[in-house]
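Values reported hereafter were calculated over all heavy atoms of this structure, with side chains retained and with hydrogens, waters and symmetry mates removed.
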Amino acid sequence: MKLGIYVGDEKVVHFTRGSGQEIGTGTVLDRLVFSMSPHPSDNPCPKCGDQSRLDGVISSCIDCFLSGGYLYLFEYDASLALFIAKPRGGTCTLAKSDPPEDVLHRASFLLQNGFGGYHIFKNNCEDFAIYCKTGLLVMTSLSVGRSGQATSFVAATSAVVSSPLRFLTTSFSGLAAVGYGMYCISRLISDIGVRRDVAKIPVERLVAHPDAIESEAVAELSTAN
């Protein structure tokens, strides 16, 4: 699933990694992400050209962004009931969206100045879209990534194994219930809309002083410890 910001005129600004460029996971996920490139080089889009090897923040027509997939609306300011009812990560958040002019300003500014290095778990397309919509950044390194998709992946693989409640039942249905419960809790406490280790960062400051922001995050983490 890819997330981006629709900026009008059938254009979407999104954060991506070019085909054939290492993203640092060292797993099959590298090849999976490469295969999802929205602009194959052997059939470039007449509107966008060949963007298959571009990375970072780019602008694509909506058809290239979808790559034959379906268009879904990411939900902001979701109710707790809706959040729990949508078990798949990367579909909604409890965080509220800022006014459209603020969102478009961040997307335009980052299109010109970048959003750092792409990493599938720590800094991906969902992180970019959520920042553009809310201006919120996680200021500690306590969790894996900021996004719901990353959180869901980790939660799904560790829910049952890491839960002490697994010893309370030996039935498959019991284990499934325990696992799903832990999965939902992991998603909820990691959502950027409820976390306390987030801060509203102006996009100009994010781009001009990334090291200072990172230092603040490290200092806050040290204080917490």
Side-chain angles (χ1 to χ4, degrees), residues 1-16 38 47-48 55-66 69-86 88-119 122-140 143 145-152 187-214 216-217 220:
M1 180 183 294
K2 296 180 294 184
L3 278 80
I5 302 296
Y6 182 73
V7 296
D9 196 27
E10 298 188 352
K11 291 290 185 179
V12 178
V13 174
H14 59 110
F15 189 44
T16 188
K47 297 179 182 178
C48 305
D55 66 342
V57 183
I58 66 173
S59 175
S60 304
C61 71
I62 194 167
D63 290 335
C64 288
F65 174 74
L66 292 176
Y70 295 98
L71 182 64
Y72 295 96
L73 181 64
F74 190 96
E75 296 280 349
Y76 288 86
D77 197 18
S79 67
L80 181 60
L82 176 63
F83 187 89
I84 297 299
K86 289 190 172 184
R88 181 177 180 180
T91 56
C92 61
T93 179
L94 301 177
K96 294 182 179 181
S97 173
D98 286 333
E101 56 269 23
D102 294 340
V103 177
L104 294 175
H105 171 67
R106 293 186 191 114
S108 176
F109 195 89
L110 294 175
L111 178 61
Q112 299 299 321
N113 296 278
F115 190 62
Y118 187 100
H119 192 285
K122 297 179 181 178
N123 198 44
N124 58 41
C125 64
E126 185 180 352
D127 298 319
F128 167 79
I130 288 178
Y131 174 73
C132 287
K133 291 285 286 186
T134 68
L136 297 175
L137 284 180
V138 174
M139 296 299 288
T140 72
S143 67
R146 298 187 288 268
S147 68
Q149 294 182 71
T151 300
S152 296
R187 280 188 61 227
L188 178 61
I189 64 177
S190 299
D191 184 70
I192 201 167
V194 300
R195 294 175 60 155
R196 296 187 178 183
D197 57 346
V198 300
K200 197 117 178 168
I201 305 296
V203 67
E204 293 83 1
R205 181 166 174 251
L206 174 65
V207 171
H209 306 289
D211 294 336
I213 293 174
E214 183 176 353
E216 290 178 11
E220 183 175 335

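- Legend: residues meeting ring-ring contact (aromatic ring centres under 6.0 Å, His included) with Phe74, ordered by chain and number and at least two apart, are Tyr76.
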Problem set entry | Verdict with reasoning, Tyr131 to Leu136, per side chain to side chain contact (heavy atoms under 4.5 Å, CB included) | CA-CA 5 Å; Tyr131 174 73; Leu136 297 175; 5.8 Å; no
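- Of all heavy-atom pairs between Leu188 and Val194, the closest is O-CG2, 3.0 Å.
- The backbone N or O of Ile130 sits less than 3.5 Å from a side-chain atom of Thr134, completing a donor-acceptor pair.
- The two atoms that bring Leu110 and Cys132 nearest to each other are CD1-SG, 4.0 Å, heavy atoms only.
- Atom-to-atom distance recorded for Cys61:SG and Asp9:CG is 10.5 Å, nearest 0.5 angstrom.
- Contacts classified as salt bridge (Lys or Arg N to Asp or Glu O under 4.0 Å) and involving residues 102-115 (residues at least two apart or in different chains) are given here: Asp98-Arg106.
- Using bins of under 30°, 30° to 60° and over 60° for the plane-to-plane angle, the ring pair Phe15/Phe115 lands in the perpendicular bin.
- Across Leu3 and Glu126, no two heavy atoms sit closer than the pair CD2-CG, 3.8 Å.
- Nearest heavy-atom pair across Gly117 and Asn123 is O-ND2, 3.1 Å.
- Counting heavy atoms from C-beta outward, Ser60 and His14 have side chains that approach closer than 4.5 Å.
- The shortest side-chain heavy-atom distance between Val7 and Ser108 does not fall under the 4.5 Å cut-off.
- Going from atom CD1 of Ile192 over to atom CG of Leu94 covers 11.0 Å, rounded to the nearest 0.5 Å.
- Not one N or O on the side chain of Asp191 forms a donor-acceptor pair closer than 3.5 Å with the backbone of Thr93.
- Remark: Lys11 pairs with no residue by the side-chain hydrogen bond (donor to acceptor under 3.5 Å, both in side chains) rule, at least two apart or across chains.
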